[in-house]
Amino acid sequence: MNIVSLIGARPQFIKEAIVGSELRKAGIDEVLVNTGQHYDANMSDVFIEGLSIKTPDYNLGVGSGSHAYQTATTMLKLEEVVLIEKPDMIMVYGDTNATVAGALVASKLKIPVAHVEAGLRQHPKDMPEEINRVVTDRISSLLFCPTEKAVDNLEKEGMTKGVHFVGDVMYDLFVKMRESLDISTTLSNYSLVREKYILATLHRDFNTDDRSRLKNILEAMNEVSKKIKVVLPIHPRTRKAISVNGYEDLIKDIIVLDPLPYSDIMSLLIGSKKVITDSGGLQKEAYFAGVPALVMMPDTGWIELVEAGWNVLVDANKELIVDKAFNHEPPVNAPENLYGGGRAGEKIADILVGSGM
Ligand code: UD1
């Protein structure tokens, strides 16, 4: 069996780290294609090296641009690779422009698509990631769901064939990496003390590209930082937005870092008091790490954590962010087994082998 896997943005490198190694163990040949959507070394190479991902067989060099540019350029360049490699299946991850581009190329060439992290749904329905998820799921043959909720979401839309609850590959990776983390050393490298800081991330376009939402969020973080340190590993999009809007003053008391490698951000996460984020991955990794998260979105694909009282939706509401930063306690008994048993990658490989492609 021969699979083309498509990665391109930071969260996909993380998912590939697990799935790629399980495919190898199962004897499946994987051709790895990197779209190059994330091109800065600290957004890409550092993950490929740090997580022992195989060197991509192709780099499409797509880089930045409008959604149409990224999606269309990925499609054109990927099609050339697929025509050469003639895979039995194309595997796509998550909800980025690479995800939808890969699914479209495959389905037009009548090659089955496997979607890892299928079935997530959230508002606003016009956010790019949501559009990418809905389209990708609709044209996928194998839908690997990270949660039972994701299976239900697909069923509501009439999709039951090829749907598998496998658990979350990001949980697999967290479990695998946790033992090797040297948390004390990492915290002291960043001059941080356990539970004496809040870890924040911010990169969604509806937060960074909307001047008033961005201002609310930065003012809230600035307010919070008067009482507890706020550490913000910054996404390039956010750095640019702060500079364009002249909001530098709002981050002068925040500890702003470059984007971090996986092991560093996981160590900072485990050591933190709380997380404030609009990242899909980090709000869930916070729960893996036993830390509650304030989610700066109107809704989330990981709604089970909000329903369990572990995370709280604060959107871009300044007062709510400040209030919950100090007044949100997670339940004493954490919800259990929401994301499978840490063997999602293995289950995906088993299902692929059993599919007889
Ligand atoms: C993308 C994904 C999102 C994922 C996120 C993780 C889509 C629609 N969104 O969003 O689902 O959560 O990645 O980070 O695909 N830039 C750099 N260097 C880089 C990468 C980006 O400077 O290595 C800058 C570029 O100016 C670019 C901007 O950041 O225009 C945004 O990057 P982009 O790839 O458009 O989307 P992300 O916000 O990273």
Side-chain angles (χ1 to χ4, degrees), residues 6-17 34-49 51 56 59-75 78 92-104 115-118 120-122 124-137 146 168-170 200-210 213-214 217 232-245 256-262 265 275 277-285 293 295-297 299-302:
L6 187 65
I7 58 176
R10 190 165 53 170
Q12 290 160 332
F13 303 134
I14 292 173
K15 290 163 195 154
E16 166 64 22
N34 180 1
T35 67
Q37 177 173 345
H38 283 173
Y39 45 87
D40 285 353
N42 57 17
M43 299 282 285
S44 56
D45 299 355
V46 77
F47 291 93
I48 293 180
E49 286 151 23
L51 298 173
N59 192 320
L60 307 182
V62 173
S64 300
S66 69
H67 290 283
Y69 168 83
Q70 284 184 332
T71 311
T73 312
T74 301
M75 286 182 70
L78 178 66
V92 295
Y93 298 94
D95 58 16
T96 74
N97 290 332
T99 314
V100 73
L104 282 168
H115 183 201
V116 176
E117 207 177 85
L120 297 194
R121 293 293 182 269
Q122 76 173 97
K125 289 291 167 193
D126 64 354
M127 72 187 255
E129 290 82 358
E130 182 68 3
I131 296 165
N132 295 342
R133 289 172 188 150
V134 171
V135 174
T136 303
D137 284 342
D168 186 1
V169 293
M170 291 180 74
T201 75
L202 170 64
H203 80 276
R204 292 283 166 188
D205 65 354
F206 58 73
N207 284 331
T208 59
D209 301 358
D210 178 322
R213 287 180 69 96
L214 181 64
I217 290 170
L232 176 69
I234 202 162
H235 187 290
R237 173 205 287 284
T238 312
R239 195 185 280 283
K240 216 185 290 173
I242 290 171
S243 145
V244 166
N245 289 295
V256 177
L257 307 173
D258 283 333
L260 300 176
Y262 181 83
I265 193 147
V275 168
T277 188
D278 61 5
S279 155
L282 199 69
Q283 62 186 269
K284 190 180 31 154
E285 287 163 328
V295 179
M296 296 184 293
M297 294 176 160
D299 188 14
T300 171
W302 309 106

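Order of listing sets the numbers, starting from 1, for every ligand and every atom in it.
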Would you tell me which option among M43, K240, H203, R239 has the nearest heavy-atom contact to atom 26 (O) of ligand 1?
-> K240
Atoms of ligand 1 close to S64 [distance to a heavy atom under 4.0 angstrom, numbered from 1] = 25 (C), 26 (O), 27 (C), 30 (O)
Are the side chain of T208 and the backbone of A241 linked by a donor-acceptor contact shorter than 3.5 Å?
-> no
Donor on one side chain, acceptor on other, T201 and T277, under 3.5 Å = yes
Report the C-alpha distance between R121 and D137 in whole Å, list the side-chain angles of each, state the deciding distance to 0.1 Å, and finish with yes or no for salt bridge (Lys or Arg N to Asp or Glu O under 4.0 Å).
-> CA-CA 11 Å; R121 293 293 182 269; D137 284 342; 2.9 Å; yes
A student comparing R237, E129, H38 should find that the heavy atom closest to atom 39 (O) of ligand 1 comes from H38
Quick one: do the Q70 and T35 side chains pair a donor with an acceptor below 3.5 Å?
-> no
Option set A98, G36, P236, criterion heavy-atom distance to atom 24 (C) of ligand 1, minimum | P236
E285 and Y262, any side-chain heavy atoms less than 4.5 Å apart = yes
Paired with V100, the side-chain contact (heavy atoms from CB on, under 4.5 Å) test is passed by just one of V134, D95, N132, namely N132
Look at atom 6 (C) of ligand 1 and say which protein heavy atom is nearest, naming residue and atom and giving the distance to 0.1 Å.
-> P11 CD, 3.5 Å
Distance col, row I7:CD1 vs T99:OG1, nearest 0.5 angstrom, shows 11.5 Å
For T96, the ligand 1 atoms whose distance to one of its heavy atoms is below 4.0 Å = 2 (C), 7 (C), 11 (O), 15 (O)
The protein heavy atom nearest to atom 17 (C) of ligand 1 is Y39 OH, 3.2 Å
For H67, atoms of ligand 1 separated by under 4.0 Å from a heavy atom = 8 (C)
For atom 33 (P) of ligand 1, find the nearest protein heavy atom and state the residue, atom name and distance (0.1 Å precision).
-> Q37 NE2, 3.7 Å
Ranked by distance from atom 18 (N) of ligand 1, the top protein heavy atom is D40 OD2, 3.0 Å
Contact partition for R10 relative to ligand 1, non-hydrogen atoms under 4.0 Å | side chain
Just going by heavy-atom distances, which of N97, L282, T238 is nearest to atom 7 (C) of ligand 1?
-> N97
Atom pairs and distances, side-chain donor-acceptor, residues 38-48, under 3.5 Å, sequence neighbours left out:
unit_1, atom_1, unit_2, atom_2, d
H38, ND1, R10, N, 2.9
Y39, OH, S64, OG, 2.8
S44, OG, D40, O, 3.0

